[in-house]
Amino acid sequence: KAKAAGRNTHRFYETGMDAALAERTQLEIDLREAVRAGGLALAFQPIMNAAAGTVSGFEALMRWPHPRRGMVPPSEFIPIAEETGLILPLGDWALREACRAAASWPDEMRVSVNVSGVQFQRPGLEQSVVGALSAAGLPAERLELEITESVLMQDSEAAVSTLLRIRSLGVRIALDDFGTGYSSLSYLRRFPFDKIKIDRSFIVEIDDPETAAIVKAIVGLGERSGAAITAEGVETSAQFEGVRQAGCTEVQGYLFSPPLPAEQAVAFVNRQKRAA
Ligand code: C2E
Ligand code: MG
Ligand code: MG
Ligand code: MG
């Protein structure tokens, strides 16, 4: 009897695996088609100056409105794009599209684009950046690339030299999701980041004195190396107050705005200016 149950469990499990694999394969096929047909979009989330309450720029975030499944989150399709190499054409597209959008914003607005570690493993990222800037007619100073420490983990020397070349164009480099990795602090010594983005997991706990002390320490480190500090995922005014007291210079999160469709970004800036 136990044997039969075991067999059934086994068969059930296999079917479950098959279903998951089939679904994943279908998603990959759909993603390939979406990349080909231009079926992805960028949303733009405002990044606010903490002291002035003004918009300093926007982070571009990929969106995939799937014809049957609805919105597929980046946490699902970015890993597939990375494993299949689709992140290369997608990443190029995001750079071009983000620069094109930013060229239509007021002069002081920057755009931040997330760049995957896979894009650093292939040659051509620098050319891709140069191409996107010149196609849009956007000054390099208005583009910022967001990378995570995984970029520096793989082949640190090659990645650092690519980053330095891109930075010498005038493009800013931000370290994203700071504090979530294995040895975040050591990466600050390896590259002169222009910005550090403190991960949301610290912000949700900012009312805890120890967490607040850590955030203050990160701000201190950043200031010494000339990096601006952004708090990610600020959702409440208490969190906003907490990160302001800790010295974060920029804030981003649902409290100010969710990521917006491209055509609403300029309207948000204008609303903010009128309110100020
Ligand atoms: P990330 O770069 O750290 O982006 C911040 C994420 O936090 C975004 O999720 C954003 O929508 C979300 N967020 C912003 N404010 C709040 C808040 O107040 N509360 C909460 N709970 N979340 C908030 P999203 O858009 O789902 O993107 C997730 C991740 O996917 C990004 O994390 C980034 O790592 C990756 N990603 C998105 N777009 C791209 C892209 O164009 N290229 C690459 N390589 N990765 C991307
Ligand atoms: Mg980011
Ligand atoms: Mg982040
Ligand atoms: Mg994140």
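Positions are given from 1 along the sequence. All heavy atoms count here, side chains included; hydrogens, waters and symmetry mates do not. Ligands are counted one by one from 1 in listed order, and the atoms in each one are counted from 1 as well.
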Test: R200 cationic atom under 6.0 Å from F202 six-membered ring centre, within 45° of axis
no
Whether R63 lies under 4.0 Å from ligand 1, heavy atom
yes
Give a yes or no answer on whether the side chain of R142 reaches the backbone of D107 with a donor-acceptor pair at less than 3.5 Å.
yes
Using distance alone, decide if ligand 1 has a nitrogen or oxygen within less than 3.5 Å of any nitrogen or oxygen in S75.
no
Which one holds for P259 and ligand 1: side chain close, backbone close, both close, or neither close, with close meaning a heavy atom under 4.0 Å?
side chain
Return the minimal non-hydrogen interatomic distance between I229 and V219, and the atom names on each side.
CG1-CA, 3.9 Å
Structural part of D176 in contact with ligand 1, heavy atom criterion under 4.0 angstrom:
side chain
First locate atom CD1 of I166, then atom CG of L133, and finally report the distance between them rounded to the nearest 0.5 Å.
10.0 Å
Looking at the Mg ion (ligand 2), which N/O/S atom of E146 is the nearest one?
OE1
For the OG1 atom of T162 and the CZ atom of F120, what is their distance to the nearest 0.5 Å?
6.5 Å
A60, any N or O under 3.5 Å of ligand 1 N or O:
no
Is it true that, when you exclude R244 itself, more than 12 heavy atoms of the residues, nucleotides or ligands shown sit nearer than 6.0 Å to its CZ?
yes
For the pair S257 (side chain) and P46 (backbone), establish whether a donor and an acceptor sit closer than 3.5 Å, ignoring hydrogens and angles.
no
Are side-chain heavy atoms of Q26 and R68 found at a separation under 4.5 Å?
yes
Ligand 1 to E232, heavy atom cutoff 4.0 Å, flagged ligand atoms 3 (O)
Just checking: S112, one of its N/O/S atoms, less than 2.8 Å away from the Mg ion (ligand 2), yes or no?
no
Test log, rule side chain to side chain contact (heavy atoms under 4.5 Å, CB included), inputs T54 and Q272
CA-CA 7 Å; T54 52; Q272 212 65 29; 5.8 Å; no
Counting heavy atoms only, which part of L61 comes closer than 4.0 Å to ligand 1: side chain, backbone, both or neither?
both
Have a look at the Mg ion (ligand 3) and estimate, to 10 degrees, the angle subtended by OD1 (D177) and OE1 (E232).
80°
Which ligand 1 atoms, with their elements, are less than 4.0 angstrom from a heavy-atom of D177?
3 (O)
From atom 30 (O) of ligand 1, work out which of A43, P74, P79, A231 has a heavy atom at the shortest distance.
P74
Geometric N/O contact N114 with ligand 1, under 3.5 angstrom:
yes
So, for Q119 and G91, which heavy atoms are closest and what is the spacing to 0.1 Å?
NE2-CA, 3.3 Å
Output yes when the distance from some N or O of ligand 1 to some N or O of Y254 is under 3.5 Å, and no in every other case.
yes
Using the rule side chain to side chain contact (heavy atoms under 4.5 Å, CB included), only one of V251, I47, D176 pairs with E232; which is it?
D176
Report, as yes or no, whether the 6.0 Å neighbourhood of atom CD on Q127 holds more than 12 heavy atoms from other residues, nucleotides or ligands.
no
Does D199 bring an N, O or S atom to within less than 2.8 Å of the Mg ion (ligand 3)?
no
The Mg ion (ligand 2) - name of the N/O/S atom of E59 that sits closest to it:
OE2
Close approach, E82 and ligand 1, non-hydrogen under 4.0 angstrom:
no
The Mg ion (ligand 2) - name of the N/O/S atom of D176 that sits closest to it:
OD2
Which of the numbered atoms in ligand 1 are under 4.0 angstrom from any heavy atom belonging to E235?
17 (C), 18 (O), 19 (N), 20 (C), 21 (N)
Can you sort out which atoms of ligand 1 are near Q45, meaning under 4.0 Å from one of its heavy atoms?
14 (C), 15 (N)
